[in-house]
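Below you'll find the structure, written out as structure tokens, and then a few comments.
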Amino acid sequence: MTPEQVKARLLAVCDAMLASEERLTRADQAIGDGDHGVGMARGFSAAREALSTKPANTVGDPFKTLGLAILMKAGGASGAVFGSFFTGMAKPLGGTVLDAAGFTEALKDGLAAVQARGGAKAGDKTMLDALIPAIAAAEGETDLQAAMSAAAAAAEAGAAATANMIATTGKAKTLGERSRGHMDPGAISLSIILAALATDG
Ligand code: ADP
Ligand code: MG
């Protein structure tokens with residue numbers, strides 16, 4: 001994939017997140033403070049604007065542009081988390097071709113950036129519970145499109161599985177056992193992001 005192709009996919013990611021605002025609001029109303037949809041919409045709308053205007057010389061550039069816009073505009077815990085995820089993904093992508101190995105490497109650096117920023121781990125009922133299985137799934141693939149599709153499917157399953165977890169971090173923490181039965185809003189966002197990234201055309 002070329003830098004322009006990556007940019008096109010990330011514009012589609014922005015559109016998918018903007019179209020999901022209500023779903024994310026409802027998910028955060030169930031176990032948080034209800035601001036996840038609005039925050040993500042603010043961030044991804046700014047990211048859309050930035051992607052449309054900034055040049056993409058490497059395959060990492062559009063990821064960085066997206067991440068910086070979210071860090072600046074989204075707000076909340078998720079602004080820092082998803083902003084760090086995308087700027088982290090950009091780090092190993094200094095070349096002009098994205099392949100399966102680069103994609104997996106980028107997901108790993110995105111994970112490292114989120115963990116350095118927020119300190120959460122697997123099982124805490126966060127977006128990490130969609131991201132960690134996505135990385136494991138991508139790692140087995142040698143074709144970029146296959147790696148992206150595998151990551152998306154694993155993220156969706158991971159997000160669904162957060163419904164059985166009890167929140168130990170963030171605003172849902174105070175709910176304890178009552179957070180069970182509801183999917184984590186950030187995990188839903190991560191699965192929407194990877195699904196849109198994996199959609200060809
Ligand atoms: P806030 O918690 O400030 O209201 P949002 O509602 O926008 O922010 O986002 C909440 C989501 O952010 C959670 O569902 C979770 O997936 C993610 N999140 C929060 N804290 C962390 C963390 N430390 N590590 C990873 N993800 C986190
Ligand atoms: Mg919230």
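We're numbering straight along the sequence, starting at 1. When a ligand or atom number is given, it counts from 1 through the structure's own listing order.
With Phe63 as the fixed residue, the side-chain contact (heavy atoms from CB on, under 4.5 Å) test singles out one of Leu51, Val6, Leu68: Val6.
At least one heavy atom of Pro185 sits closer than 4.0 Å to an atom of ligand 1.
Side-chain contact between Cys14 and Leu66 is present, with at least one heavy-atom pair separated by less than 4.5 Å. With contacts defined as side-chain heavy-atom distances shorter than 4.5 Å, the pair Val13/Phe44 qualifies. The shortest side-chain heavy-atom distance between Thr65 and Phe86 does not fall under the 4.5 Å cut-off. With contacts defined as side-chain heavy-atom distances shorter than 4.5 Å, the pair Met1/Val59 does not qualify.
Classified by interplanar angle (parallel below 30°, tilted 30° to 60°, perpendicular above 60°), the ring pair Phe82/His36 is tilted.
Distance alone, capped at 3.5 Å, places no donor-acceptor pair between the Arg180 side chain and the Met165 backbone.
Atoms of ligand 1 found under 4.0 Å from any heavy atom of Met127 (numbered from 1 in listed order, with element): 16 (O), 26 (N). Listed by number with element, the atoms of ligand 1 under 4.0 angstrom from any heavy atom of Ala120 are 22 (C), 23 (N), 24 (N). Atom numbering of ligand 1 starts at 1 in the shown order; those under 4.0 Å from a heavy atom of Asp28 are 6 (O). Within ligand 1, counting atoms from 1 as listed, the ones closer than 4.0 Å to a heavy atom of Asp35 are 4 (O), 5 (P), 6 (O), 7 (O). For ligand 1, the atoms sitting less than 4.0 Å from at least one non-hydrogen atom of Gly76 are 3 (O), numbered in the order shown with element in parentheses.
The heavy atom nearest to atom 10 (C) of ligand 1, considering only Lys125, His36, Met183, is found in His36. Scanning Leu128, Asp124, Val81 for the heavy atom closest to atom 21 (C) of ligand 1 points to Val81.
Residue, atom and distance of the protein heavy atom nearest to atom 12 (O) of ligand 1 are Ser78 CB, 3.8 Å. Among all non-hydrogen protein atoms, the one lying nearest atom 23 (N) of ligand 1 is Gly118 O, 3.3 Å. Atom 1 (P) of ligand 1 has as its closest protein heavy atom Lys171 NZ, 3.3 Å. In terms of protein heavy atoms, atom 13 (C) of ligand 1 is closest to Asp184 OD1, 3.4 Å. Remark: minimum distance from atom 19 (C) of ligand 1 to any protein heavy atom is reached at Ala77 CB, 3.9 Å.
Linking Ile, Leu, Val, Met, Phe, Trp and Tyr whenever their side-chain heavy atoms come within less than 4.5 Å leaves Leu71 and Met40 in two separate clusters.
Side-chain atoms of Asp124 and Thr168 form a donor-acceptor pair, as typed in the model, at a separation below 3.5 Å.
Gly43 and Lys73 make their closest contact through CA-CB, 4.3 Å (heavy atoms, listed as atom of the first residue, atom of the second, distance). Nearest heavy atom pair, residue Arg42 against residue Ala74, reads NH2-O, 2.6 Å.
Salt bridge status for Asp200 with Arg9: present, with a side-chain N to carboxylate O gap under 4.0 Å. Using a cutoff of 4.0 Å between basic side-chain nitrogens and carboxylate oxygens, Lys91 and Glu105 are not scored as salt-bridged.
Contact annotation for Thr126 and ligand 1: heavy atoms of both the backbone and the side chain come within less than 4.0 Å of the ligand.
Residue contacts with ligand 1: Gly119 is placed with no nitrogen or oxygen under 3.5 Å of a nitrogen or oxygen of the ligand (distance criterion only).
There is no protein heavy atom less than 4.0 angstrom from atom 17 (C) of ligand 1.
Heavy-atom contacts from other residues, nucleotides or ligands closer than 6.0 Å to CD of Glu49 number 12 or fewer.
The count of protein N, O or S atoms under 2.8 Å from the Mg ion (ligand 2) stands at 3, with waters excluded from the count.
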